[in-house]
Amino acid sequence: QVQLVESGGGLVQAGGSLRLSCAASGRTFSLRTMGWFRQAPGKEREFVSAISWNWSTYYADSVKGRFTISRDNAKNTVYLQMNNLKLEDTAVYYCAAVERLLAPAQAMSRARYDSWGQGTQVTVSS
């Protein structure tokens, strides 16, 4: 397991942009699948996006074309660029990691990840 620290959340108007960052500890970051999940009040935590160590990327249908995941292995950091934000994107966003290559269906399952950050709040206003 690794320690994950998210940052970059905040309040933004609909149509605006934010970039979330997740800094990871440890020396095996480059071997890890990194994921972003989110949880809105009263709802279950849901998959947003993931990036594997071989640079494959996965997105939830609700964010395709608006969000972009990327990673910088030299900085042990994964990013989530969020554009054209909508009211329904309001949630706490969590970074997750696991030291293995996941198939697409696996990457979307929160049960496959063994490390989680504390979350960062994203609020989209009208």
Side-chain angles (χ1 to χ4, degrees):
Q1 295 186 348
V2 295
Q3 287 189 324
L4 304 172
V5 179
E6 302 98 334
S7 61
L11 176 64
V12 63
Q13 286 190 325
S17 299
L18 282 174
R19 188 176 81 155
L20 305 183
S21 300
C22 172
S25 64
R27 295 181 292 178
T28 59
F29 177 81
S30 62
L31 301 179
R32 295 183 181 273
T33 295
M34 302 297 296
W36 286 98
F37 290 76
R38 66 187 181 187
Q39 188 166 16
K43 295 187 177 181
E44 290 193 355
R45 193 171 299 188
E46 64 175 7
F47 171 77
V48 176
S49 183
I51 184 168
S52 67
W53 58 258
N54 66 356
W55 304 94
S56 296
T57 57
Y58 313 103
Y59 296 94
D61 289 342
S62 59
V63 306
K64 280 181 182 176
R66 300 188 298 121
F67 290 12
T68 302
I69 192 170
S70 62
R71 65 191 299 160
D72 186 336
N73 289 341
K75 296 182 178 180
N76 280 12
T77 301
V78 63
Y79 304 97
L80 185 68
Q81 177 66 44
M82 306 186 294
N83 298 328
N84 190 22
L85 283 161
K86 303 177 179 180
L87 296 178
E88 53 265 38
D89 295 319
T90 295
V92 177
Y93 283 70
Y94 296 91
C95 178
V98 63
E99 191 176 341
R100 65 185 61 184
L101 180 65
L102 300 179
Q106 295 174 326
M108 298 178 183
S109 170
R110 61 188 184 188
R112 295 289 182 174
Y113 295 83
D114 58 13
S115 298
W116 291 86
Q118 293 300 306
T120 185
Q121 176 71 46
V122 172
T123 302
V124 184
S125 65
S126 59

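No hydrogens, no waters, no symmetry mates; every other heavy atom, side chains included, goes into these values.
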Return the [atom1] to [atom2] distance between [X] and [Y], rounded to the nearest 0.5 Å.
X	Y	atom1	atom2	result
L4	S115	CG	OG	5.5 Å
Q121	R38	CD	CZ	12.0 Å
L80	T68	CG	OG1	8.0 Å
S62	D89	OG	CG	7.0 Å
T57	F67	OG1	CZ	14.5 Å
R66	S49	CZ	OG	12.0 Å

| request: Name all pairs fulfilling the disulfide (SG to SG under 2.5 Å) condition that reach into residues 23-56, sequence neighbours left out, sorted by first residue then second. | output: none
| request: Enumerate the residue pairs fulfilling side chain to side chain donor-acceptor pair (under 3.5 Å) with a member in residues 2-21, sequence neighbours excluded, ordered by first and then second residue. | output: S17-N83
Cluster question for you: counting only ILVMFWY and a side-chain heavy-atom cut-off of under 4.5 Å, with indirect links fine, are [X] and [Y] together?
X	Y	result
M108	V63	no
V12	Y93	yes
M34	V98	no

| request: Give the intermediate values and the outcome of side chain to side chain contact (heavy atoms under 4.5 Å, CB included) for residues R110 and Y94. | output: CA-CA 10 Å; R110 61 188 184 188; Y94 296 91; over 6 Å; no
| Considering only heavy atoms from C-beta outward, does the side chain of M82 approach that of V122 to under 4.5 Å? | yes
| task | List the atom of A91, the atom of A40, and the distance in Å for their closest heavy-atom pair. | result | CB-N, 3.8 Å
| query | Of all heavy-atom pairs between I69 and V78, which one has the smallest distance, and what is that distance? | reply | CG1-CG2, 3.9 Å
| What residues form a ring-ring contact (aromatic ring centres under 6.0 Å, His included) with Y79, not counting sequence neighbours? | none
| field | Pairs flagged by ring-ring contact (aromatic ring centres under 6.0 Å, His included) wherever residues 32-63 is involved - sequence neighbours left out | value | F37-F47, F37-Y113, F37-W116
| message | Among T123, T90, L18, which residue satisfies the side-chain contact (heavy atoms from CB on, under 4.5 Å) criterion with L11? | response | T123
| Is the backbone of Q106 close enough, under 3.5 Å, to the side chain of R112 for a donor and an acceptor to pair up by distance? | no
| task | Look only at the side chain of S25 and the backbone of V2, and say whether a donor-acceptor pair between them is shorter than 3.5 Å. | result | no
| Are more than 12 heavy atoms from other residues, nucleotides or ligands located less than 6.0 Å from atom CD of E44? | no
| salt bridge (Lys or Arg N to Asp or Glu O under 4.0 Å) with R32: which residues, sequence neighbours excluded? | E99
| message | So, using salt bridge (Lys or Arg N to Asp or Glu O under 4.0 Å) as the criterion, who are the partners of K64 when residues are at least two apart? | response | D61
